[in-house]
Amino acid sequence: MSVFRLIVREILYRKLNFLLGLTAIAAATALFVGTQTLCVVMNRETTRLMRDMGFNLLILPEGADMAQFWSADYAQQEMPEQYVRDLANSRIVTVRHLVAQLQKKVQWRGRVVLLTGILPEVQMAHRSKKPPMGLHIPRGEVHLGYELARAFDLKPGDTIELEGEEGRTFTVSRCIETPSGSKDDIRIYAHLRDVQELLGKPGRINVIEALSCLCPDIGDADRLGRIKEDVHDVLPGTQVRLVRNIAVGRERTRRMIERYAALVMPGVLLVCALWVGMLALGNVRDRRAEIGILRAAGVGSSKVAALFLGKAVVLGLAGAILGFFLGTQLILHFGPRLFPVTAQHVAPVYSLLAWSAAGAPALCVLAGYVPAMLAVTHDPAVVLREE
Amino acid sequence: MIELADVSKLYRKSGEDVVALGPMNLSVARGEFVAVRGPSGSGKTTLLLMVGGMIRPTGGEVRVGGVDVYGLSARERCRWRARTVGFVFQMFHLLPYANVLENVLTPMLAGAAVTPRGALELLDRFGLSDRIKHRPSELSTGERQRVAIARALLNRPPLVLADEPTGNLDPDNAAAVMGHIADYHARGGTVLLVTHESVAAGPAQRVVELPFPSGR
């Protein structure tokens, strides 16, 4: 005969009371798990969509003339390619997804085109690996912008000649099929090494594109200053420019999701706590005679409280497990339709099970605390006299 | 065993004091069986709960086994009750969700030195060995009261306080229940029983009449 055994017996006896409480906790947990999983999925989706909009940070050589940069879309000045590795090997957290490029306007088949050499992304050495951004173009191959491919009727598999200090033949491995509405339509993309050789600039680059990190501990106003500070610590003299419309859009979208979750969840938890509290209060009223006889048998107030709070813990745990699977199933079912870009990454967030298993019982205990104290302080003689 | 000295109980109701009991004096010797008889509303249950440490008197002193019951802290009184008193109520007050064996083992929750084996032996003596897995709702009223008595006697308390134990029973069951209480008394236990029935007071060695209190 133990308190736990009595709790289980009572739950099985008053099934409706328990099921009503379980419904509330499971619903709240499902909403919590659903919202949090949704946030994770939405963040991933937003990140992907924002990533598709391009890098939002430019690291330019010392002395780069920005007026010239914006008119030509690249800096005349250059910097060592080693810079990108120096940055990747540093411990800064405010930038990631580093892509070194060397760009130059060149004449090709009677047109001015932007020859862009891209080094595959250099991952930050101290951070977890993420899917790389930017193009990965094997050596000897090129990607063609929409206008160039259309104008010269080029298709993947065709070969083109690129002249430079030493002319070479490249295979077209991809043609951009839709117009980008930007200078990218007149770009020829190739591996950085190939472009360095064509332009006779080995080991040189003129921009590092990157993505600024959304660091929660840095305010919007301080962000660029902090990034500049970090980059200059590693690469003194370079210039850092934030492509503000992309960066701001990315941040605002992510913050909006977080604010939504922060606004909705407290309300849900409050309603749930009140619901469970009312049920616990009703349970205490139903069990007044039981409390009376337990007190008459010499059972102490801590054990009487344990009967009620223990039930709250069991209710919370059962609700947490049920709610986790309900919420996860909802997201697994509807998530891929809502987030087609990252549909294959919609997956259960198992860490939320641990949070639910800790949070839901705590919420139930909190909600059941006042009723439990009423049970403990209830005068047993009152009900024992009512015969 | 029991010494009540000028104990009284007043309740405050709608701004007025209502006398529930007393003042009264009562002395019950160890091993004695005393019935307190009185009409409804005379304070019998209040008296019983007061002796059992469940209702603090407004005035006077309650001593049981030499212990000033209300001189103890709430926690000490709880422990004292678990060791010293077995309650039997008219309404049985069994845990509706627990089976017979679990109900009889309720004193275990209070830390009483009882065992399931002892409970099974007692239930066998009470003719309930084939009912140990049954819930109270599956028992007759007589069986329920026998379970309640078994619960009260399991830890062999020196004092049993019985409140109208036969009030809800037919004559046969009433006789059986009184037989069990008498048996406990015969083994040396002290019994204080309150009733409004003359029949229930039958086996008592002494009957104390409780008048309807003045001041109501």
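In what follows, chains carry the letters A, B, and so on, assigned in the order in which the sequence lines appear, proteins first and then strands, with residues in each chain numbered from 1.
The number of heavy atoms from other shown groups lying within 6.0 Å of CH2 (B/W80) is above 12. For CZ of B/R30, the number of neighbouring non-hydrogen atoms (other residues, nucleotides, ligands) closer than 6.0 Å is 12 at most. Shown here is B/Y70, whose OH atom has more than 12 heavy atoms of other residues, nucleotides or ligands within 6.0 Å. Other residues, nucleotides and ligands place no more than 12 heavy atoms under 6.0 Å from the CE atom of A/M278.
Of the atoms belonging to A/S302, not a single heavy atom falls under 4.5 Å from chain B. Within the 4.5 angstrom heavy-atom criterion, only side-chain atoms of B/R151, from C-beta onward, approach chain A. A/I293 touches chain B through its side chain: at least one heavy atom from C-beta onward sits under 4.5 Å away, while N, CA, C and O do not. Looking at B/L95, only its side chain comes within 4.5 Å of chain A, counting heavy atoms on both sides.
In terms of heavy atoms, A/S2 sits closest to B/L109 at C-CD2, 4.0 Å. Heavy atoms only, all atoms of each residue included: B/T106 and A/A297 are closest at CG2-CB, 4.3 Å. A pairwise comparison of heavy atoms in B/C78 and A/G300 identifies SG-CA, 3.8 Å as the closest pair. The heavy-atom pair separating A/G292 from B/M54 by the smallest distance is O-CE, 4.0 Å. Closest heavy-atom contact between A/Y13 and B/P96: OH-CB, 3.5 Å.
Counting heavy-atom pairs under 4.5 Å between each of A/E290, A/K303, A/R14 and chain B puts A/E290 at the top. Here B/E102 is the residue among B/E102, B/R79, B/R77 with the most heavy-atom pairs under 4.5 Å with chain A. Listed options B/G167, B/A74, B/A110, B/G111 were ranked by heavy-atom pairs under 4.5 angstrom with chain A; first place goes to B/A110.
To the nearest 0.5 Å, atom CE of residue B/M108 and atom CZ of residue A/R5 are 10.0 Å apart.
Using modelled atom types, one side-chain atom of B/R81 and one backbone atom of A/R295 make a donor-acceptor pair closer than 3.5 Å.
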Discussion item. Walk me through whether A/R287 and B/Y97 qualify under side-chain contact (heavy atoms from CB on, under 4.5 Å).
Written reply: CA-CA 11 Å; A/R287 298 170 69 182; B/Y97 48 83; 3.4 Å; yes
